Amino acid sequence: MTELDRKLIRKTDDKEPVRLNKYLSDAGFCSRREADRLIDAGRVYVDGALAVMGQKVMPGQSVKVDSFDVKPTDELILIAYNKPACIECTTAEDVKNNIIEAVGYPERVYPIGRLDRDSTGLILLTNTGELVNSILRSVNSHEKEYVVTVDKPINNDFLKNMRDGVLLKDVPTRRGSEDMVTKKCSVNKIGDKIFSITLTQGINRQIRRMCKALGYNVTALHRIRIMNIELGSLPVGKYRSVSEQEAKELIAELSGSSR
């Protein structure tokens, strides 16, 4: 195993149990949230017995989801995918046009975060739960850059309001719906109806909500960067392996923000 793998994967102590949802996440099967859903649905078994929420497992125990044998992995997979429109960022096999089917990667991976159905561009997929959790922690303020097209000409007031923060009403949170002001961000005009924006928040449909609050509708939303990973010239509907240098830079940024 390379130094890169050792930095990303926290090995479980041979004598210590681990929560089942973390086990499934670290094994690259799904996110912890999805693991909880699978456990609650009665689809997870430990040593042949139906698993329960909050259960812990020891290394060496048999863990299955349906009939699939889930085992820990030592090999890091991290790929960049240029998502077309109409692809759903879910691992659920019963959902039409799900991202796993669209990517067609030969090993089990799942997306880091999501792009809504109508949005396009860069999304990362991995088999490593710790990497997913590190990137998704909004407190770490990781940058994501987008190019956005709206339905009418952009003016200076729009740009200033987008940069300074927009009041969003009834944003769904774990505590219910809340009003909140978005964080200050970088916004630059590219064309009459096109701008770039770099976010450090993870509010659901944030850019669309911000534009709507200012009287604009988004007609196209394209993500071009996540932290140091850029979409570049990757063709629509194709994926590439993230280079070792890119991954090293990503790890360094994640390590720095978690201190």
Side-chain angles (χ1 to χ4, degrees), residues 4-5 8-9 19-45 51 62-137 142 144 146 202 204-205 221-227 229-243 246-247 250 254:
L4 180 60
D5 295 329
L8 277 174
I9 302 173
R19 287 180 66 92
L20 182 54
N21 62 355
K22 184 178 187 300
Y23 177 95
L24 291 170
S25 174
D26 288 349
F29 188 84
C30 61
S31 67
R32 293 191 195 186
R33 184 175 298 178
E34 178 64 20
D36 284 338
R37 286 196 285 263
L38 293 171
I39 295 165
D40 190 54
R43 296 176 57 188
V44 184
Y45 297 83
S62 168
V63 177
K64 288 189 176 183
V65 177
D66 299 327
S67 60
F68 186 87
D69 192 15
V70 182
K71 296 181 179 180
T73 177
D74 285 341
E75 295 299 324
L76 168 67
I77 297 171
L78 180 58
I79 61 175
Y81 174 59
N82 189 348
K83 185 185 97 64
C86 300
I87 298 300
E88 300 280 2
C89 289
T90 177
T91 59
E93 296 178 355
D94 59 339
V95 174
K96 185 178 180 181
N97 296 327
N98 69 76
I99 193 169
I100 302 305
E101 181 181 78
V103 173
Y105 197 78
E107 298 185 53
R108 183 81 184 193
V109 292
Y110 54 100
I112 302 176
R114 56 175 288 120
L115 281 172
D116 64 50
R117 187 176 186 275
D118 296 326
S119 299
T120 62
L122 178 63
I123 187 163
L124 303 176
L125 297 97
T126 186
N127 66 337
T128 304
E130 289 296 338
L131 181 57
V132 175
N133 295 330
S134 294
I135 291 178
L136 294 186
R137 291 185 189 111
H142 302 315
K144 292 170 286 185
Y146 304 79
N204 185 37
R205 298 175 68 84
L221 194 156
H222 188 65
R223 185 157 64 193
I224 59 173
R225 179 172 64 87
I226 299 173
M227 298 171 68
I229 310 298
E230 298 185 359
L231 183 65
S233 59
L234 183 65
V236 176
K238 300 296 183 181
Y239 67 82
R240 67 173 178 85
S241 294
V242 170
S243 72
E246 287 175 314
L250 182 75
L254 290 171

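Predicted model, so just to flag it, every value in this text is computed and none were measured.
The closest side-chain heavy-atom distance from E107 to N127 is not below 4.5 Å. Residues I123 and R223 have side chains in contact (heavy-atom distance under 4.5 Å, counting atoms from C-beta outward). Under the 4.5 Å side-chain criterion, counting only non-hydrogen atoms from C-beta, Y81 is not in contact with L115. L221 is not listed as a side-chain neighbour of D118, based on a closest heavy-atom distance of 4.5 Å or more. Side-chain contact between T126 and V109 is absent, with no heavy-atom pair separated by less than 4.5 Å. Considering only heavy atoms from C-beta on, Y105 comes within 4.5 Å of I79 through its side chain. Using a 4.5 Å cut-off on side-chain heavy atoms (C-beta onward), T120 and V236 make no contact. Put simply, the side chain of P111 reaches to within 4.5 Å of the side chain of I100, judged on heavy atoms.
Using a cut-off of 4.0 Å between Lys/Arg side-chain N and Asp/Glu carboxylate O, R117 and E88 are scored as salt-bridged.
The minimum heavy-atom distance between C89 and K83, with the atom names listed, is SG-CD, 3.7 Å. Considering all non-hydrogen atoms of both residues, V242 and A80 come closest at CG2-N, 4.1 Å. Heavy-atom minimum distance, A102 versus I87: CB-CD1, 3.8 Å. A pairwise comparison of heavy atoms in N21 and I39 identifies N-CD1, 4.4 Å as the closest pair.
Put simply, OG on S243 and CG on L250 are 10.5 Å apart, with the number rounded to the nearest 0.5 Å. Of the inter-residue distances, the one linking I226 atom CD1 with I112 atom CD1 reads 7.5 Å to the nearest 0.5 angstrom. Here the CD1 atom belonging to I77 is positioned 10.5 Å from the CG atom belonging to L125, to the nearest 0.5 angstrom. The distance from atom CD of E34 to atom CZ of R32, rounded to the nearest 0.5 Å, is 14.5 Å. Between the CD atom of E101 and the OG1 atom of T91 there is a distance of 12.5 Å, given to the nearest 0.5 Å. D36 CG to L24 CG: the interatomic distance, rounded to the nearest 0.5 Å, is 9.0 Å.
Crowding of R33 atom CZ: a count of heavy atoms from other residues, nucleotides or ligands under 6.0 Å not exceeding 12.
Remark: side-chain polar atoms of K238 are not paired, donor with acceptor, to backbone N or O of N82 under 3.5 angstrom. A donor-acceptor contact shorter than 3.5 Å links the side chain of Y110 to the backbone of S25.
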Criterion side chain to side chain contact (heavy atoms under 4.5 Å, CB included) on E246 and L78, from CA distance to verdict: CA-CA 10 Å; E246 287 175 314; L78 180 58; over 6 Å; no
